[in-house]
Chemist: 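Please see the structure below; I have some questions.
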Amino acid sequence: MHETVAASPWSPATVVPVARGTTSTPLPGDPNTRFGDMYVIDDPLTEGPSATSPAVGRAQGFYLFLSQHELAAMHYLSLVFTAGRYNGSYIVIQGRDTIPAKVRELPVVGGVGRFRGATGYGLLRMHSFDSTTKNAVLKIDMYLNNMK
């Protein structure tokens, strides 16, 4: 999953801030993020970590920072597949993400198409992160059950 916060001429932003928390105290580890900040995303999903890897879909949804004392967000995401055997299907993820953790586990709460009735979890790992731009590449491993 490729998150582009800071756009460039060759790469548009895929993360857009839509609400700013009202507190003036930044969260630990990130002086620009506050409790209540909310972002909408439309991130590319690729087979590998390179931006030139074949596209398989998009991660679409939003997240908001829900803790007053740590860098943690609530994610509401759909992993929408646009290529291969899962084209037209998507997985729904909803859960709390403690961002500094090396491995973050988020629950799968459903799916559509080939993922209808799916449950399970996804493990997120940071592949790369640019602390200046906040652009990131995340590796996501999905573990699914009950697919119809």
Side-chain angles (χ1 to χ4, degrees), residues 1-22 27 29-30 32-67 70-148:
M1 182 170 96
H2 299 262
E3 279 208 356
T4 305
V5 177
S8 65
W10 56 91
S11 183
T14 62
V15 179
V16 178
V18 293
R20 185 78 167 144
T22 58
L27 294 176
D30 189 344
N32 298 312
T33 302
R34 291 169 170 62
F35 169 65
D37 287 0
M38 182 177 180
Y39 297 83
V40 173
I41 72 164
D42 185 11
D43 294 341
L45 296 172
T46 59
E47 286 182 10
S50 171
T52 60
S53 293
V56 297
R58 309 290 295 187
Q60 298 172 326
F62 66 94
Y63 59 90
L64 61 101
F65 287 90
L66 54 71
S67 175
E70 64 180 323
L71 201 56
M74 178 62 76
H75 287 273
Y76 299 90
L77 299 175
S78 293
L79 301 183
V80 181
F81 292 87
T82 58
R85 71 184 257 202
Y86 300 111
N87 186 20
S89 300
Y90 63 89
I91 298 167
V92 179
I93 296 172
Q94 177 182 338
R96 186 179 191 276
D97 178 2
T98 306
I99 294 167
K102 186 173 181 174
V103 178
R104 297 122 63 177
E105 181 177 332
L106 294 174
V108 171
V109 298
V112 170
R114 295 191 70 141
F115 300 113
R116 184 175 296 122
T119 58
Y121 61 96
L123 297 179
L124 281 69
R125 292 176 179 86
M126 191 70 68
H127 174 77
S128 62
F129 178 73
D130 183 317
S131 60
T132 303
T133 64
K134 294 191 181 181
N135 294 346
V137 176
L138 295 142
K139 177 182 179 188
I140 304 173
D141 292 310
M142 301 302 301
Y143 299 90
L144 303 175
N145 304 305
N146 304 323
M147 295 181 353
K148 305 247 175 201

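What you see is a predicted model, and the numbers here were worked out from it, not measured in a lab.
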Chemist: Sub-3.5 Å donor-acceptor pair from the side chain of Asp37 to the main-chain atoms of Arg34, do we have one?
Modeler: yes
Chemist: Could you report the tightest heavy-atom contact between Ala136 and Phe129, atom names first, then the distance?
Modeler: CB-CD1, 3.9 Å
Chemist: So, taking the atom named CG in Leu79 and the one named CG in Leu45, what distance separates them when rounded to the nearest 0.5 Å?
Modeler: 5.5 Å
Chemist: Strictly by side chain to side chain donor-acceptor pair (under 3.5 Å), give each pair with a member in residues 97-111 just once, sequence neighbours left out.
Modeler: His75-Asp97, Arg96-Thr98, Asp97-Arg104
Chemist: Which distance, rounded to the nearest 0.5 Å, do you find between the CE of Met38 and the CG of Leu64?
Modeler: 6.0 Å
Chemist: Considering non-hydrogen atoms only, spot the tightest contact between Gly48 and His2 and give its length.
Modeler: O-NE2, 3.8 Å
Chemist: Could you state the interatomic distance from CZ (Arg20) to CZ (Phe35), rounded to the nearest 0.5 Å?
Modeler: 13.5 Å
Chemist: Sequence neighbours left out, cut at 3.5 Å: what donor-acceptor pairs do the side chains of residues 9-16 make with other protein atoms?
Modeler:
{"residue": "Trp10", "atom": "NE1", "partner": "Ser8", "partner atom": "OG", "Å": "3.4"}
{"residue": "Thr14", "atom": "OG1", "partner": "Thr4", "partner atom": "N", "Å": "2.9"}
{"residue": "Thr14", "atom": "OG1", "partner": "Asp43", "partner atom": "OD1", "Å": "2.6"}

Chemist: Checking Ser50 now: which residues fulfil side-chain contact (heavy atoms from CB on, under 4.5 Å) with it, not counting sequence neighbours?
Modeler: Thr52, Ser53
Chemist: Check whether any side-chain heavy atom of Met74 lies under 4.5 Å from a side-chain heavy atom of Phe65, and answer yes or no.
Modeler: no
Chemist: Counting only pairs under 3.5 Å, give me each side-chain donor-acceptor contact of residues 119-126, with atom names and distances, residues two or more places apart or in other chains.
Modeler:
{"residue": "Thr119", "atom": "OG1", "partner": "Asn146", "partner atom": "ND2", "Å": "3.0"}
{"residue": "Arg125", "atom": "NH1", "partner": "Asp141", "partner atom": "OD2", "Å": "3.0"}

Chemist: Please check: side-chain N/O of Ser89 versus main-chain N/O of Arg114, any donor-acceptor pairing under 3.5 Å?
Modeler: yes
Chemist: Pro100 and Leu71: which non-hydrogen atoms are nearest, and at how many Å?
Modeler: CD-O, 3.3 Å
Chemist: Which pair of non-hydrogen atoms, one from Pro107 and one from Gly95, has the smallest distance, and what is that distance?
Modeler: CD-CA, 3.9 Å
Chemist: Quick test of your reading: applying ring pair (Phe, Tyr, Trp, His ring centres under 6.0 Å), list the pairs with at least one residue in residues 79-100, sequence neighbours left out, ordered by first then second residue.
Modeler: Phe81-Phe115, Tyr86-Phe115
Chemist: Sequence neighbours excluded and cut-off under 3.5 Å, please list the side-chain donor-acceptor pairs for residues 54-63, or say none.
Modeler:
{"residue": "Arg58", "atom": "NE", "partner": "Asp42", "partner atom": "OD1", "Å": "3.0"}
{"residue": "Arg58", "atom": "NH2", "partner": "Asp42", "partner atom": "O", "Å": "2.6"}
{"residue": "Gln60", "atom": "NE2", "partner": "Asp42", "partner atom": "OD1", "Å": "3.0"}

Chemist: Do the non-hydrogen side-chain atoms of Ser78 and Val92 ever get within less than 4.5 Å of each other?
Modeler: yes
Chemist: To check you understand the geometry: which heavy-atom pair defines the closest contact between Ile99 and Ala73, and what is its length?
Modeler: CD1-CB, 4.1 Å
